[in-house]
Amino acid sequence: MAEGAYDDRDGKIWLDGQLVDWRAAQVHVLTHGLHYASSVFEGERAYNGKIFLSRKHSERLHFSARCLDFEIPYSVDEIEAAKQAVLDANGFTDAYVRAVAWRGAGMDMGVSSARNPVRLAIAAWGWGNYYGDAKMKGAKLDISKWKRPSPETIPVHAKAAGLYMICTTSKHAAEAKGCSDALFMDYRGFVAEATGANIFFVKDGEVHTPKPDCFLNGLTRQTVIGMLQDKQITVHERHIEPAEMEGFEQCWLTGTAAEVTPVGQIGDYTFEVGALTRDISESYEKLVRS
């Protein structure tokens with residue numbers, strides 16, 4: 001598939017039960033999800049023709065939709081089949097896969113949208129390293145002025161489009177400073193996550209990662225914790241004070257797009273791309289392609 005704007009490519013997208021030409025996969029400007037963020041999504045990667053943790057992603061898509069008070073009109077099995085159909089139709093073996101469900105245009109155009117249809121689309125495209133050459137030398141992160149919200153304010157464990165608004169603004173600010181991404185603190189001031197990835201730190205051979213009590217407990221995060229435990233490495237899931245970053249030796253990010261990406265700097269704090277970081281990155285790469 002030729003590179004280009006995401007609305008102007010060759011290929012097929014699965015939309016509401018059928019494969020359609022890429023450029024024909026469109027929605028009306030009065031789509032509810034566009035105005036009120038009544039939308040949830042999944043980002044997934046296929047390796048050697050197989051989507052890693054595919055079913056877990058499909059199950060989480062349903063969970064996220066229920067958190068936003070709507071039901072996706074396709075079962076997990078139907079979503080699984082649709083994702084494979086997209087890969088096959090576009091001739092992909094290695095690809096990024098995006099499933100998105102939203103409240104469409106219908107009888108309601110206020111905040112309430114119970115009468116509007118729920119729609120589902122699945123697309124796939126080639127996507128290399130999310131942070132470019134940071135996989136070798138370590139990403140540089142800014143510290144965002146925004147904070148991850150309290151669970152009392154929004155369904156923080158859903159992969160909901162509205163939760164990414166501060167991610168976009170924070171990443172733009174970070175890129176303007178020459179950084180790859182931004183790190184959030186949570187509403188209490190503890191270290192939380194990056195704009196689209198969870199974070200891990202290393203000190204004295206042990207791993208520390210923020211407790212996901214107000215942000216997404218990523219599937220890649222869960223996978224990496226399992227890998228570390230299999231390697232008999234102690235993992236502390238806990239609240240981390242920002243000042244603690246000065247004492248950490250290594251750092252990496254995890255996410256479907258990010259995979260396992262080393263971090264070299266966060267604000268004024270620096271980290272080495274050490275042996276454990278490289279080992280986890282390489283082990284993850286082997287796992288997803290096994």
Side-chain angles (χ1 to χ4, degrees), residues 1-27 33 39-65 71-102 104 118-132 135 158-161 164 196-197 216 218-224 226-227 253-261 281-290:
M1 182 184 296
E3 292 295 328
Y6 279 91
D7 64 347
D8 187 22
R9 297 187 177 194
D10 296 326
K12 297 289 186 180
I13 290 176
W14 189 95
L15 178 63
D16 298 328
Q18 60 184 336
L19 290 166
V20 302
D21 289 338
W22 190 289
R23 295 174 183 85
Q26 300 180 5
V27 297
S39 172
V40 297
F41 70 97
E42 284 294 319
E44 313 172 34
R45 277 194 187 267
Y47 302 89
N48 299 329
K50 182 180 179 181
I51 300 173
F52 185 61
L53 300 180
S54 181
R55 193 170 189 87
K56 287 185 179 295
H57 280 287
S58 297
E59 291 169 347
R60 189 172 67 181
L61 188 70
H62 270 270
F63 166 80
S64 296
E71 290 289 337
I72 297 172
Y74 298 94
S75 68
V76 168
D77 286 340
E78 288 172 321
I79 295 172
E80 288 294 289
K83 288 190 289 189
Q84 189 61 52
V86 168
L87 292 176
D88 293 343
N90 290 288
F92 285 135
T93 54
D94 285 32
Y96 180 85
V97 180
R98 171 62 56 88
V100 57
W102 69 97
V118 174
R119 305 187 64 185
L120 176 66
I122 300 168
W125 59 88
W127 208 359
N129 292 339
Y130 186 64
Y131 293 110
K135 272 213 159 185
K159 196 168 178 66
Y164 285 78
L216 197 70
L219 294 176
T220 309
R221 177 187 185 276
Q222 295 173 47
T223 299
V224 166
M227 292 167 56
L253 299 173
T254 64
T256 296
E259 299 172 299
V260 177
T261 297
S281 180
E282 292 166 4
S283 296
Y284 181 79
E285 181 71 15
K286 290 177 183 177
L287 176 65
V288 299
R289 294 187 177 279
S290 62

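Here, residue 1 is the first one in the sequence, and each next residue gets the next number.
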**OP:** Sequence neighbours left out, what passes salt bridge (charged side-chain N to carboxylate O under 4.0 Å, His left out) with Arg221? Give chain and number order.
**Re:** Glu237

Original post:
Quick one: ring-ring contact (aromatic ring centres under 6.0 Å, His included) partners of Trp14, sequence neighbours excluded?
Top reply: Tyr74

Original post:
Heavy-atom distance under 4.5 Å between the side chains of Leu216 and Arg60, does that happen here?
Top reply: yes

Subject >> Distance, nearest 0.5 Å, that separates CG of Leu219 from OG of Ser54 >> reply: 10.5 Å

Subject >> salt bridge (charged side-chain N to carboxylate O under 4.0 Å, His left out) partners of Glu282, counting only residues at least two apart >> reply: none

**OP:** With Leu61 as reference, evaluate Val100, Ile79, Val76 under the side-chain contact (heavy atoms from CB on, under 4.5 Å) test and give the passing residue.
**Re:** Ile79

Original post:
Just by modelled atom types, is the Asp94 backbone N or O under 3.5 Å from a matching donor or acceptor in the Arg45 side chain?
Top reply: no

Subject >> Non-hydrogen atoms of Ala124 and Val86 that approach each other most closely >> reply: CB-CG1, 3.7 Å

**OP:** Please assess Ile51 against Leu87 for the test side chain to side chain contact (heavy atoms under 4.5 Å, CB included), listing each intermediate value before the final yes or no.
**Re:** CA-CA 9 Å; Ile51 300 173; Leu87 292 176; 3.8 Å; yes

Original post:
Once you round to the nearest 0.5 Å, how far does CG of Asp21 lie from CG of Leu15?
Top reply: 11.5 Å

Original post:
After noting the C-alpha distance and the side-chain angles of Thr256 and His57, does the key distance pass the side chain to side chain contact (heavy atoms under 4.5 Å, CB included) rule?
Top reply: CA-CA 10 Å; Thr256 296; His57 280 287; 3.6 Å; yes

Original post:
Taking the side chain from Arg119 and the backbone from Ala101, do they hold a donor-acceptor pair closer than 3.5 Å?
Top reply: no

**OP:** Enter the distance from Arg98:CZ to Tyr6:OH here, rounded to the nearest 0.5 Å.
**Re:** 9.0 Å

**OP:** Could I get the full list of side chain to side chain donor-acceptor pair (under 3.5 Å) partners for Asp7, not counting sequence neighbours?
**Re:** none

Original post:
Does Asp77 come within less than 4.0 Å of Arg55, counting only side-chain N to carboxylate O?
Top reply: yes

Subject >> Minimum heavy-atom distance Ala65-Ile72, with the two atoms named >> reply: CB-CG1, 3.8 Å

**OP:** Give, for atom NZ of Lys50 and atom CZ of Arg289, the distance between the pair rounded to the nearest 0.5 Å.
**Re:** 13.5 Å

**OP:** Looking only at non-hydrogen atoms, find the nearest pair between Gln84 and Gly49 and report the distance.
**Re:** OE1-O, 4.0 Å

Original post:
Any idea how Phe52 and Tyr284 line up, ring-wise: parallel (<30°), tilted (30 to 60°), or perpendicular (>60°)?
Top reply: perpendicular

**OP:** Identify the heavy atoms of Pro73 and Glu78 that sit nearest to each other, and give their distance.
**Re:** O-OE1, 4.3 Å

Original post:
Do you know the tightest heavy-atom contact between Ala123 and Ile13?
Top reply: CB-CG1, 3.8 Å

Original post:
Quick one: salt bridge (charged side-chain N to carboxylate O under 4.0 Å, His left out) partners of Lys159, sequence neighbours excluded?
Top reply: none

Subject >> Test: Lys56 and Glu59 ion pair at under 4.0 Å >> reply: no

Original post:
Do you know the tightest heavy-atom contact between Glu44 and Ala99?
Top reply: OE2-CB, 4.4 Å

Original post:
Going from CG on Asp16 to CG on Leu120, what distance comes out if it is rounded to the nearest 0.5 angstrom?
Top reply: 7.0 Å

Original post:
What is the ring orientation for Tyr130 with Trp127, classed by angle as parallel under 30°, tilted 30 to 60°, or perpendicular over 60°?
Top reply: perpendicular

Subject >> Residues forming a side chain to side chain donor-acceptor pair (under 3.5 Å) with Ser281, sequence neighbours excluded >> reply: none

**OP:** Any chance you could measure Leu253, atom CG, to Thr220, atom OG1, to the nearest 0.5 Å?
**Re:** 11.5 Å

